[in-house]
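Let me begin by presenting the structure, written as structure tokens, before commenting on it.
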Amino acid sequence: MVTQIISTMETQVSNGPSGTSLPNGPVISTNGSTDDSKTNLIVNYLPQNMTQEEFKSLFGSIGEIESCKLVRDKITGQSLGYGFVNYVDPNDADKAINTLNGLKLQTKTIKVSYARPSSASIRDANLYVSGLPKTMSQKDMEQLFSQYGRIITSRILVDQVTAGISRGVGFIRFDKRNEAEEAIKGLNGQKPLGAAEPITVKFANNPSQKTGQALLTQLYQTAARRYTGPLHHQTQRFRLDNLLNASYGVKSSPTLFPRFSPITIDSMTSLAGVNLTGPTGAGWCIFVYNLSPEADESVLWQLFGPFGAVTNVKVIRDFTTNKCKGFGFVTMTNYDEAAMAIASLNGYRLGDRVLQVSFKTSKQHKA
DNA sequence: TTTAATT
């Protein structure tokens with residue numbers, strides 16, 4: 001037998017408001033520089049389509065930001081659904097937690113909490129648990145695991161249709177990796193009290209282990225939903241002028257930045273209409289035709305990212321309406337990857353449109 | 001039988 005579920009036990013999970021509280025620590029050092037532990041926040045469960053600009057705007061409404069970053073996939077440029085905000089004033093960080101934690105944005109409820117100091121020991125501390133009794137609640141699961149360490153988040157996956165019914169599968173993130181290791185040793189293959197079957201406990205996969213094909217499928221599904229579902233959202237606007245090309249900066253070589261470099265992301269978004277000219281210089285320029293008027297840069301990242309290194313994307317827009325004129329360009333570093341992307345995406349149906357994709361022909365300006 | 005939590 002393994003573990004008792006003691007019903008009176010209180011969990012100390014930092015899932016809810018205000019996240020992790022930091023015991024007692026200096027706020028301001030003698031030289032006047034701020035201690036990140038009181039100013040640096042992590043924001044989780046952001047809507048997939050939130051941009052860096054929107055993220056900055058939302059948190060900038062609280063107070064002056066020292067730096068902020070929406071974390072994105074290095075290859076596809078897609079948001080990973082979380083980000084960091086470092087305020088100048090610790091009071092603003094506190095205020096951001098109090099006013100923005102729990103805020104509902106589209107389908108998500110965002111979580112705002114203090115970021116733990118970054119260190120190797122907190123990485124890979126996420127566990128995947130399966131074979132859970134269907135009756136086990138999230139709280140039950142936390143109680144089962146909490147004997148091995150401090151739980152940062154937990155989740156039980158539920159059936160989509162019969163909403164609320166457990167799939168017997170969940171996740172537990174510990175504060176430290178070694179706590180997660182101990183939980184595996186202690187609980188993998190064990191039967192929770194009263195359960196008929198043993199549970200499986202292992203390290204979780206990285207959530208973006210998706211193949212190019214899977215990404216295309218996902219993209220297609222989200223695009224298709226746009227045309228079939230009763231989607232009347234009036235929700236997405238953080239009322240910024242997010243209109244013009246947000247040509248996301250992509251640094252192709254993993255430069256070793258000093259930690260917490262004051263360089264903000266925005267300072268890297270300087271690529272404009274550079275290298276849009278032919279298969280020379282920085283890479284292979286690809287012409288994408290039949291984009292919808294609503295298309296934006298992110299759709300190009302999503303389409304081409306899975307095939308390899310993408311250094312630039314651009315949607316061509318009408319100057320006055322700011323709608324896409326039906327085409328755009330993508331620059332890829334490697335010929336093979338570009339050729340594969342073209343072979344795969346030419347004729348690809350995106351929503352109700354069939355894309356035409358080819359290397360850009362060198363009919364200089366004006367076609 | 002795998003969700004978007006460490007810059």
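Convention: sequence-line order gives letters A, B, ...; per-chain numbering from 1.
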Which nucleotide in dT2(B), dA5(B), dT6(B) has an atom nearest any side-chain atom of Lys202(A): dT2(B)
Check: Arg155(A) side chain, Gly170(A) main-chain N or O, donor-acceptor pair, under 3.5 Å: no
If you only use heavy atoms from C-beta on, which nucleotide in dA5(B), dT2(B), dA4(B) is closest to the side chain of Arg167(A)? dT2(B)
Length of the line joining Ile156(A):CD1 and dT1(B):P, which is rounded to integer Å: 17 Å
Looking at every non-hydrogen atom in both residues, tell me the closest pair between Arg116(A) and Phe174(A) and how far apart they are. NH1-O, 4.2 Å
Among the nucleotides dA4(B), dT1(B), dT6(B), which one has an atom lying closest to any side-chain atom of Tyr82(A)? dT6(B)
Measure the distance from CG on Leu46(A) to C1' on dT3(B) and round it to the nearest whole Å. 15 Å
Starting at atom CZ of Arg173(A), determine the distance to atom C1' of dT2(B), rounded to an integer number of angstrom. 13 Å
Phosphate oxygens OP1/OP2 of dT2(B): is one of them under 4.0 Å from a side-chain N or O of Arg155(A)? no
For Asp73(A) and dA5(B), give me the distance from atom CG to atom C1', rounded to whole Å. 16 Å
To the nearest angstrom, the CZ-P distance between Phe203(A) and dT1(B) comes to 23 Å
Note: for Asp124(A) and Val129(A) on DNA chain B, the residue whose nearest nucleotide lies more 5' is Val129(A)
In whole angstroms, how far is the C1' atom of dA5(B) from the NZ atom of Lys176(A)? 13 Å
Once hydrogens and angles are ignored, does a donor-acceptor distance under 3.5 Å link the base of dT6(B) to the side chain of Arg116(A)? yes
Any donor-acceptor pair under 3.5 Å linking the side chain of Arg349(A) with the backbone of Gly351(A)? yes
Per the atom types in the model, does the base of dT3(B) pair as donor or acceptor with the side chain of Tyr128(A) at under 3.5 Å? no
Rounded to whole Å, CZ of Phe171(A) lies from P of dA4(B) at a distance of 8 Å
ILVMFWY network linking Phe171(A) to Val158(A), side-chain heavy atoms under 4.5 angstrom: no
Whole-Å distance separating the OH atom of Tyr45(A) from the P atom of dT3(B): 13 Å
Under 4.0 Å between a side-chain N/O of Asn44(A) and OP1 or OP2 of dA5(B), yes or no? yes
Judged by modelled atom types alone, do Glu142(A) and Ser154(A) share a side-chain donor-acceptor pair under 3.5 Å? yes
Given dT1(B), dA5(B), dA4(B), the nucleotide with the shortest approach to the side chain of Leu80(A): dA4(B)
